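Report on the structure given below.
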Protein chains: 4
Amino acid sequence: MKGDGHLSPTDNVTIRRGRPVGDREARRIELLNAGVQVIAELGLGGASLRKVAKKAGYTTGAVTYYFANKEQLFAAIVEYMFQRFDEMLYAGEDIGDYRRRFEHWFDINADSFIWPAGFQLLTRARHDAELAAIYRDTYAQYRRITTRRIEAQQKSGTIRDDISAELLAEQIAALADGWAMMLPIEPDRFTPERVDRLLDALLRQMAPSRS
Amino acid sequence: MKGDGHLSPTDNVTIRRGRPVGDREARRIELLNAGVQVIAELGLGGASLRKVAKKAGYTTGAVTYYFANKEQLFAAIVEYMFQRFDEMLYAGEDIGDYRRRFEHWFDINADSFIWPAGFQLLTRARHDAELAAIYRDTYAQYRRITTRRIEAQQKSGTIRDDISAELLAEQIAALADGWAMMLPIEPDRFTPERVDRLLDALLRQMAPSRS
Amino acid sequence: MKGDGHLSPTDNVTIRRGRPVGDREARRIELLNAGVQVIAELGLGGASLRKVAKKAGYTTGAVTYYFANKEQLFAAIVEYMFQRFDEMLYAGEDIGDYRRRFEHWFDINADSFIWPAGFQLLTRARHDAELAAIYRDTYAQYRRITTRRIEAQQKSGTIRDDISAELLAEQIAALADGWAMMLPIEPDRFTPERVDRLLDALLRQMAPSRS
Amino acid sequence: MKGDGHLSPTDNVTIRRGRPVGDREARRIELLNAGVQVIAELGLGGASLRKVAKKAGYTTGAVTYYFANKEQLFAAIVEYMFQRFDEMLYAGEDIGDYRRRFEHWFDINADSFIWPAGFQLLTRARHDAELAAIYRDTYAQYRRITTRRIEAQQKSGTIRDDISAELLAEQIAALADGWAMMLPIEPDRFTPERVDRLLDALLRQMAPSRS
DNA sequence: AATGAATGAGTGTTCATTCAT
DNA sequence: GATGAATGAACACTCATTCAT
C-alpha cells in the first residue's frame, strides 16, 4: 500500500534560521496523511484521534496539539482533498481535457485514499457546519469556473448548446460525486477501460448533436 | 414533523398461519422508523441505540432484542430504503417515465428521511460486509432491469443507441447517487423547477441525436 | 474510619413485588457516600467519577448511570448535607437549644465527612448555577425559620432585642460557615471543650444586656 | 473590568543590590494577577496553567518557569491575599477601627478578585500541606495580634471583658470567613448599608454590657 | 531568559452489549 | 417477551510537566 499520494510535506521545509518552524507544517501533513489512511481503512466511524495518532507514530496529545478538534482535523482533510481537486480543475482548457481531467482524478483515487476518505467526511456535512461551508464554497467555485469554461466551448461549437452550461456543470459534478461514492464500494468495476468508456459516453452526450 | 413517509407498518402484516407475529413485525418497523429519524437528525456518528430506543419510546434492551446488533439494525434500514427504491424502479415502462420516476424519487427525499439516512449508512458499506452485499445486490439488479429497459427503448428508437444501454444505466445511477449526496447538504438548490430542468437535460442527452 | 455518618440506606428497602426497585435508591446513597469520602480524602480537585466508583465498588459506568453528570452527583451530595442541616434546624425550640443544635452539628462534622465535603462543593457555587440555587434556597429558608424563632425569643426576653432578629440569624449563619471552613484545616482546635466555650461566648453575646 | 485591585507590581520593586531582578518580580506578579483573575472567572476547577499563561499574555512554559508547580503558583496567590489582609490588620488601633478595617476589607472584596480567589484556594488547604501551613501561620499571627489588641481594649473598658479576648478574636475570624464564603455566591446581599448594619451588630455585641 | 513542541496520564462521558429478572 | 441495571472499553479532550532549543 502506498496511500500517501500527493500529500508530500517536503516542499515546506526550506532553510531557516533558529528553531525549525517548517516542522509544524510537516507534522500537520503527516497527521493529515495518517487521518486519511485511518478513515480509508477503518471507516469514519472507526476513525478516532487515538488511532490517527498511533498511525502517525505520535501520541494522542500531539494530534490535539496540531488540531484543536476532531472536527478541525476532518475539515483539514476535506480541504486538502479539494485542493487536489482544484489542481485538476485548472489543468487544461478545452473539451478534450475533460477526459484528461477525469482520468487524472480517477488516478488520484486509485493512488491515494484522500478522495474516498474526504468523501466520507463530506457525508457529515449535513451535521457539521464547518464541513458544509467548505463543501458549499468549493462547489460554488467549481460551478462558476466550469460553467464559464463550458460556455466558451459552447460558443466555439465543441459542446452542445441546447442545454445550459450551468446545468451541464452541475450534472458533471453530480456524476463525479456518484462515481466517488461507488468507487470505494465496488472498486473492481472501475478498471481503466471501463473508466474510458464511461468518459466516452459522457463526452458523447455533451457533444453538439450532429446535423 | 411528518417524516415517516412510506414507512407504514401495516402493510407488512400479511395473513399468516399460527401465532400472530404481526406485533413483532410492527415493533421492528417502529424501531426502523426511529432509527431513520435519529440518523437524519443527528447524523450517523450521533446515532446510538439508546437514542433510537428513546425516540421509539422503547427501552434500550428492546432494540437489542429486536436487532441482534447495531449493524443489523442499520442493514435493515438500508434494506428498507432499497425496497422503496425498487417500487420506484418498477413503476412505468418507457423513457418518459424516467421523469416520473425521478420526480417520485425526489418527492420521497423531500418527504421522508429514509433516503438521506440510508445513504449515509451506505458510506459504511466499504467496511461493513453485510451492507456491501446489500448494496452490490441492489445495484446489480438495478443495472439488469434498467439496462434491459433501455435496450428496449433503444430498439424502439426513443433512446440514443450510440452509447451502450449498460453504460447509460450506470450513468443514471451515478447521477442519482450524486444528487442524493448533494441534496441533504444544499437542499435549497433542489427546487421543483430546478429538478425539472435537471431531468430535462438528462433526457435530452439520452434522446437519439436527430438525423 | 467510619465516615458514613447518617447516610444509612436501609429505610428505603421495603417489601416489594417483582424486581427490587428499592435497590435504586440504595445504590444512589452508596455512591453518594463514596463521593463524600473521596472528596474528604482527596479534596475536590482529586475527586473523579472513577475514584468514586472504585470507592463504592462499582464500575465507572454505574456512576454515570445513577447520576447523569458529575455536577448532578455533586449537587446530590450538597442536597444531602443540607437535609442533615435541616434536621438539626428543626430540633428544639428555645434559645438554650442553640447550644444543643450546634453541638449536634459539630458531632456530625466529627463523625461524618459529609459537611466538609459538601462545604467544599459549595465553594463551586459561584460557577455552578445548580449548586448556587441549592445554596440560596437553603439559606433563605434557614433565615426565615431562624429569624422567626429569634423574634419569638426576643419577645419572651431570652434574646437581646437591640439587634434585629434577622441580623442575628445571618450572623449565626456566617459564624457556622466560618467554623465549617476552619474545621477541616485545623481540626485539633475544635475540641469539645473549646466548642463549648465558643458556644458560650456566642450565647452570651446574644443574651439580653442586663438592665 | 478593572479587577486588579491592589495587585500592582510596582510596589514590590524595591532597591536591591546586584543585578536588577525587578523584572523577574514584576513578571511573577503579572502571572499572579492572571491567576487570580482566571480563578475568579472560571473557578478553581477551571483554572489551568494554560489559561493563566494566556490571560497574562505569556507562553505555557513561562508559567512553569516562574513557578515550579501549580501548587506553588497557588500558594503564592494565597500568600499575596494574606499580605493584603495583614495591611488591613495593622491599620488603626482601637475598637472603632474594627468598623474601618472590615469596611476596608469589604472594599477589597468588591474591588478585586483576590479574596474570593484566594479563599477558594484555601479550601484546598486540607489536602495541600503548603497551603495549610500558610493558613495556620497567618491565623496564628492574626489571633496573636488581635487577642493582644482586644485585651488592651478590654482593660480600657471599650470591649466587654466577660468573654476572653482570644475567643472574641476567633469569633471575628470565623465571622469574616463566613462572610467571605457567602460574598461571591450572593453578592447582592452585601450592599454597603447592609455591611454597615452587620458591623453595627457585631460591635454592639462586643461592647461592654451596660450597667 | 523564555519558548513551544510533545508527552502521557487522566478526565467526564457515551456506548453497545449482556443478562438476571 | 421485555426490562433496565450494570459493565467496561472507548472516546474526545485537557492538563501539568518536561526539555531541546
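From a predicted model like this one, the values you see are computed outputs, not experimental measurements. Values below: all heavy atoms of this structure, side chains included; hydrogens, waters and symmetry mates excluded.
- Regarding A:R24, its CZ atom lies at a distance of 13 Å from the C1' atom of E:dT3, rounded to whole Å.
- Between the P atom of F:dA12 and the CG atom of A:L31 lies a distance of 14 Å, rounded to the nearest Å.
- In this model, the phosphate group of F:dC13 is approached by a side-chain N or O of A:N69 to a distance below 4.0 Å at OP1 or OP2.
- Considering all non-hydrogen atoms of both residues, B:P184 and A:R126 come closest at O-CG, 3.5 Å.
- Judged as a ring pair (Phe, Tyr, Trp, His ring centres under 6.0 Å), and not counting sequence neighbours, the contacts of A:Y135 are A:Y139.
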I'd like a table of donor-acceptor pairs (distance under 3.5 Å, sequence neighbours excluded) in which one partner is a side-chain atom from residues 46-53 of chain B, with atom names and distances.
| residue | atom | partner | partner atom | Å |
| --- | --- | --- | --- | --- |
| B:S48 | OG | B:K51 | N | 3.3 |
| B:K51 | NZ | B:G46 | O | 2.9 |

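- In terms of the ring pair (Phe, Tyr, Trp, His ring centres under 6.0 Å) criterion, B:F67 has no residue partners (sequence neighbours excluded).
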What dot-bracket string describes DNA chain E from 5' to 3', counting Watson-Crick and G-U wobble pairs whose defining distances are under 3.5 Å, with [ ] for crossing pairs and | for pairs to another strand? .||||||||||||||||||||
Side-chain donor-acceptor contacts of residues 117-125 of chain C below 3.5 Å, not counting sequence neighbours, with atom names and distances?
| residue | atom | partner | partner atom | Å |
| --- | --- | --- | --- | --- |
| C:Q120 | OE1 | C:L44 | N | 3.3 |
| C:T123 | OG1 | C:Q120 | O | 2.5 |

Take D:I77 and D:I39 through the side chain to side chain contact (heavy atoms under 4.5 Å, CB included) test and state the conclusion after the steps. CA-CA 10 Å; D:I77 290 176; D:I39 292 174; 4.1 Å; yes
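- Between the P atom of E:dT17 and the CG atom of B:L73 lies a distance of 10 Å, rounded to the nearest Å.
- Each of B:T59 and D:T64 was assigned the nucleotide of DNA chain F with the nearest heavy atom; the assignment lying further toward the 5' end belongs to B:T59.
- Toward the 5' end of DNA chain E, the nearer of the two residues A:T60 and B:K70, judged by each one's closest nucleotide, is A:T60.
- Atom CG in A:L42 sits roughly 13 Å away from atom P in F:dA10 (whole-Å rounding).
- If you take CD of D:E30 and P of E:dA2, they are 11 Å apart, rounded to a whole angstrom.
- The list of salt bridge (charged side-chain N to carboxylate O under 4.0 Å, His left out) pairs with a residue in residues 68-79 of chain B, not counting sequence neighbours, is empty.
- Straight-line distance from the OH atom of B:Y58 to the P atom of F:dA2: 8 Å, rounded to whole Å.
- Regarding A:F67, its CZ atom lies at a distance of 18 Å from the C1' atom of F:dT14, rounded to whole Å.
- Only C:A47, C:S48, C:L49, C:R50, C:K51, listed by number, bring a heavy atom of residues 43-54 of chain C to less than 4.0 angstrom from any atom of DNA chain E.
- Place B:A62 and C:G57 on DNA chain F by their nearest nucleotides, and B:A62 ends up nearer the 5' end.
- For the pair D:Y66 OH and E:dT3 C1', the computed distance is 12 Å after rounding to whole Å.
- Under the 3.5 Å distance criterion, the side-chain polar atoms of A:D128 are matched with a main-chain donor or acceptor of A:L131.
- Evaluation of the salt bridge (charged side-chain N to carboxylate O under 4.0 Å, His left out) test over residues 53-67 of chain D, restricted to residues two or more places apart or in two chains, returns D:E41-D:K55.
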